[in-house]
Amino acid sequence: MLVRFWGVRGSIPTPGPKTVRVGGNTACVEIQPGGGQLFIMDAGSGIRELGLNMMGRGNIGRVDAKIFLSHTHWDHIHGWPFFVPAFIPGNKFCFYGPVNFNERLEDIVAGQMKYSYFPVKLEHMAAKIDFVELKESTFEVDGVKITAKYLNHPILTLGYRFEYAGKVVVTEFDTEPYTNVFKKKDKAESGGDEVDDFLFGGGGGGEEEGEEAHADQVVDDMNRRIKEFARDADLLIFDAQYTKEEYMPPAGGMNKVGWGHSTLDDAVETAITANVKRVALFHHEPTRADNAVDEMENYCKKLVAEKGRPDIHIFAAHEGMEVDI
Ligand SMILES: [Zn+2]
Ligand SMILES: [Zn+2]
């Protein structure tokens, strides 16, 4: 499988001299499983450059690509209106993305192309464009086994596991570890006993503690499943938005719990637990300058070595990087 990074940044494009080496485009990864298939993971601003590259591949009007969306936050779809191959008749694209409770996937992608936001509507793109809504499931596309799994983000978000010819690529970004938000020590913040009673049916002290332990167990199990999803992957593309100090400042202050992103330590722990071969740190924080991304990478390399797994190749994804597995 060949993996190419066209956009590695989270949240918003960040052009400029401070990010020129790592790149400022938002999430877009090209995956060529190896049997002639073309998969695109997310349609952040990086997909614009991918589109221009595709125009030079000698198959204009004959492209048949599948686009997998982790979710529909802007940084994962806002490059789509600038994707030139979608304007070429004869090309075919099929979006796969999470089902939403109140809006169709097609309407969400089309919504950013309403006249208030963009001059050309989705229906005026000349390529054939289809949409498939996904829940957690395993299915096959173009001979590739794909498993979609829910992650922990403020909107329904999917991680994907692509398996082809004995190779495995897994995406897990825009996610953070699950926490038991109704633990006793957090009661003041979470609404106290009222919330507890609503969720767990109230009751006396002993019973309440039992429910709390049960909730802890459920949370542990959900986190274990997130790690297992990457089991033995050749490449894991993982959310590396925060350092652990940014996520949970030791001296107090604003934490980032609930914002839907992981830490470098989570990336390392997942990689070791799941026994992955390579980890691409992905979805870099917008304010992270090139040298700060280098520091993140060094921190992770040191951490895997300290934990006895220096063989795990962990690196910060850069725009333009290619990984052949
Ligand atoms: Zn994002
Ligand atoms: Zn998001």
Side-chain angles (χ1 to χ4, degrees), residues 3 5-15 19 22-31 40-50 67-83 95-103 105 107-109 111-112 133-136 148-160 169-179 222 226 229-230 236-243 246-247 254-264 266-267 270 279-288 292-293 296 316-319 321:
V3 176
F5 293 93
W6 293 94
V8 298
R9 192 65 56 172
S11 311
I12 189 165
T14 56
T19 56
V22 172
N25 278 307
T26 53
C28 181
V29 182
E30 174 185 1
I31 301 173
I40 299 167
M41 184 66 218
D42 278 340
S45 67
I47 202 173
R48 190 190 66 83
E49 199 66 37
L50 166 60
I67 301 172
F68 295 87
L69 294 181
S70 58
H71 62 312
T72 52
H73 279 162
W74 268 344
D75 49 324
H76 301 261
I77 62 165
H78 61 188
W80 172 249
F82 303 89
F83 183 59
F95 278 92
Y96 294 80
V99 66
N100 198 284
F101 292 121
N102 51 5
E103 226 178 337
L105 181 65
D107 293 337
I108 299 171
V109 173
Q112 64 172 340
E133 298 189 344
L134 298 174
K135 294 181 180 172
E136 275 197 350
K149 176 174 183 345
Y150 288 129
L151 303 177
N152 186 26
H153 201 58
I155 180 178
L156 278 183
T157 297
L158 292 172
Y160 293 93
V169 172
V170 175
T171 65
E172 289 189 300
F173 48 82
D174 290 64
T175 191
E176 70 182 296
Y178 291 96
T179 45
M222 287 162 91
I226 293 252
F229 188 61
L236 168 65
I237 303 173
F238 199 86
D239 191 314
Q241 183 119 348
Y242 300 126
T243 64
E246 288 165 343
Y247 186 73
M254 187 170 63
N255 67 55
K256 309 287 196 306
V257 179
W259 291 25
H261 296 288
S262 296
T263 66
L264 304 176
D266 297 327
T270 303
V279 191
L281 303 167
F282 189 74
H283 206 279
H284 304 306
E285 218 277 330
T287 58
R288 199 91 64 204
V293 174
M296 282 173 26
H318 286 207
E319 210 170 297
M321 194 177 251

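Every number for a ligand or one of its atoms is a count from 1 in the order of the listing. We use all heavy atoms of the structure for the numbers below, so side chains are in, but hydrogens, waters and symmetry mates are not.
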Assess whether ring-ring contact (aromatic ring centres under 6.0 Å, His included) is satisfied between His76 and His283, documenting all intermediate values. CA-CA 10 Å; His76 301 261; His283 206 279; 5.4 Å; yes
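For His261, every N, O or S atom stays at 2.8 Å or more from the Zn ion (ligand 1). The Zn ion (ligand 1) has no N, O or S atom of His71 under 2.8 Å away, backbone or side chain. Residue His153 counts as close to the Zn ion (ligand 2), with an N, O or S atom under 2.8 Å. For residue Asp75, no N/O/S atom approaches the Zn ion (ligand 2) to within less than 2.8 Å.
Atom NE2 is the N/O/S atom of His76 found closest to the Zn ion (ligand 1). Of all N, O or S atoms in His73, the one lying closest to the Zn ion (ligand 2) is ND1.
For the residue pair His153/His261, the side-chain donor-acceptor check at 3.5 Å is not satisfied. Side chains of Glu176 and Tyr247: a donor-acceptor N/O pair is present below 3.5 angstrom, by distance only. A side-chain donor-acceptor contact under 3.5 Å links Asn25 and Ser45. Side-chain atoms of Thr14 and Arg9 include a donor-acceptor pair closer than 3.5 Å.
Centred on the Zn ion (ligand 1), the OD2 atom of Asp174 and the NE2 atom of His283 lie at an angle of 100°, reported to 10°.
Counting only heavy atoms from C-beta outward, the side chains of Leu134 and Val99 never approach each other to under 4.5 Å.
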